Amino acid sequence: MRIKKTDPNIQVDGTNENFIFTSGYKLSAGRNFSQQEIKDGRRVIIIGSDVAQKLFKKHEDPIDKTIAIGDGGDFKVIGVLETKGNSFGFGGDRIALMPITVVRTYTNMLSPDWTYTISVLIHDPNMMDEAISEARGLFRIIRKDRIGADEDFGITKSDDLSNVLISQISKLTIGATVIGIITLLGAAIGLMNIMLVSVTERTMEIGIRKSMGATKEMIRNQFLIEAILISQMGGICGILFGLAIGNLIAISFGIGFIVPWMWIFVAVIICLVVGVVSGLYPALKASRLDPIDALRYE
């Protein structure tokens with residue numbers, strides 16, 4: 001009995017028993033297709049985790065339940081895939097797998113521009129180029145592509161998506177660097193203003209210290225060290241905040257978190273430079289104050 005009708009907007013693939021292994025999926029419940037089920041075109045289906053949550057909201061066991069896909073009729077659920085995540089518009093968990101022989105029979109389940117995808121698993125990464133060359137040669141023969149003509153098929157390696165992600169991350173890194181430089185410039189100006197205000201408010205203190213024998217170098221070093229301490233305290237707070245956010249994200253996604261020691265060291269150095277640059281002018285200004293004028297300041 002059909003209980004409810006949904007529109008989960010899922011990807012439906014016709015596959016064989018080897019698809020799960022070549023695509024990197026794993027089963028969280030149930031089993032894989034058998035060779036006999038593929039050969040006979042039995043009406044069985046394996047669904048993604050998002051599909052299972054959409055259809056079985058009361059946490060029922062999906063195994064051996066019956067669902068309908070489009071106009072293709074009813075299918076018995078024999079397996080549920082482990083979550084793989086959704087990104088860049090690809091729904092890794094919004095997927096349903098059924099025997100390819102069934103999909104060929106019910107062509108109305110497919111879009112007009114449906115295509116075949118053959119996945120190949122290479123156990124030795126060093127053989128990747130040789131395998132691609134062999135596959136390209138075989139498909140040119142099968143597709144009857146003439147010598148010198150363009151191929152009417154495409155070969156996609158598993159690292160193509162990672163290369164796209166790396167290129168996108170590189171652009172994000174450039175943008176983050178520009179934003180960071182602008183932020184550091186604003187922080188340096190703000191710290192310099194704070195130190196200038198501090199020099200103005202402590203003018204009489206400077207005059208008293210100088211009248212008691214404090215040299216220009218001592219006054220300069222005092223304000224310079226204060227500026228460096230303020231910048232380092234801000235840097236430490238930022239590092240702790242970043243580590244806390246990173247750990248929370250790692251815990252949320254169930255992944256490991258690596259402490260970026262190199263970037264922490266870089267952050268400490270940058271804060272040191274900002275402190276020196278921002279505090280140097282106020283420190284020099286304080287050291288050059290005339291002690292007589294400083295003592296008269298109100």
Side-chain angles (χ1 to χ4, degrees), residues 85 87-88 162-298:
S87 62
F88 288 89
S162 64
N163 293 331
V164 173
L165 293 175
I166 291 173
S167 64
Q168 296 295 328
I169 291 174
S170 300
K171 295 178 181 178
L172 291 175
T173 302
I174 294 173
T177 302
V178 173
I179 295 173
I181 292 174
I182 296 173
T183 304
L184 283 175
L185 181 60
I189 295 173
L191 179 57
M192 183 179 293
N193 288 332
I194 292 174
M195 295 307 301
L196 287 173
V197 171
S198 178
V199 171
T200 302
E201 292 182 348
R202 298 163 64 184
T203 300
M204 184 172 292
E205 173 191 334
I206 296 170
I208 294 174
R209 291 195 62 196
K210 281 195 169 187
S211 65
M212 296 179 65
T215 62
K216 290 184 178 181
E217 290 75 15
M218 295 174 63
I219 300 297
R220 181 197 62 200
N221 293 340
Q222 174 189 352
F223 283 90
L224 192 58
I225 291 173
E226 289 179 4
I228 293 174
L229 286 175
I230 293 173
S231 64
Q232 290 295 336
M233 289 174 61
I236 292 173
C237 291
I239 291 171
L240 294 177
F241 183 75
L243 292 175
I245 295 297
N247 273 288
L248 289 175
I249 294 175
I251 293 173
S252 300
F253 287 94
I255 58 177
F257 178 74
I258 300 176
V259 178
W261 294 109
M262 185 189 73
W263 291 109
I264 291 176
F265 178 75
V266 171
V268 172
I269 297 299
I270 291 176
C271 290
L272 176 63
V273 173
V274 170
V276 172
V277 172
S278 301
L280 185 58
Y281 174 70
L284 291 174
K285 181 180 178 181
S287 65
R288 293 170 182 171
L289 288 176
D290 183 87
I292 303 298
D293 295 335
L295 286 171
R296 293 175 180 175
Y297 182 81
E298 294 182 1

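A quick note: this is a predicted structure, and the numbers were derived from the prediction, not measured. Computed over heavy atoms, backbone and side chain alike; hydrogens, waters and symmetry mates excluded.
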Does atom CD1 of Ile245 have more than 12 heavy-atom neighbours, drawn from other residues, nucleotides or ligands, at distances under 6.0 Å? yes
So how far is it from [X] [atom1] to [Y] [atom2], rounded to the nearest 0.5 Å?
X	Y	atom1	atom2	result
Ile225	Arg220	CD1	CZ	10.0 Å
Glu226	Leu191	CD	CG	10.5 Å
Leu280	Ile228	CG	CD1	9.5 Å
Ser278	Leu224	OG	CG	10.0 Å
Cys271	Leu229	SG	CG	12.0 Å
Ile292	Lys210	CD1	NZ	11.0 Å

Is there side-chain contact between Tyr281 and Leu196, with heavy atoms separated by less than 4.5 Å? yes
Checking the side chain of Ser252 only, and the main-chain atoms of Leu248 only, is there a donor and an acceptor separated by less than 3.5 Å? yes
Between the side chain of Lys216 and the main-chain N/O of Leu289, is any donor-acceptor distance below 3.5 Å? no
Please give me the minimum heavy-atom distance between [X] and [Y], naming the atom from each residue.
X	Y	answer
Thr203	Thr200	OG1-O, 2.8 Å
Val199	Pro282	CG2-O, 3.5 Å
Phe223	Met195	O-CE, 3.4 Å
Gly275	Ala227	O-CB, 3.6 Å

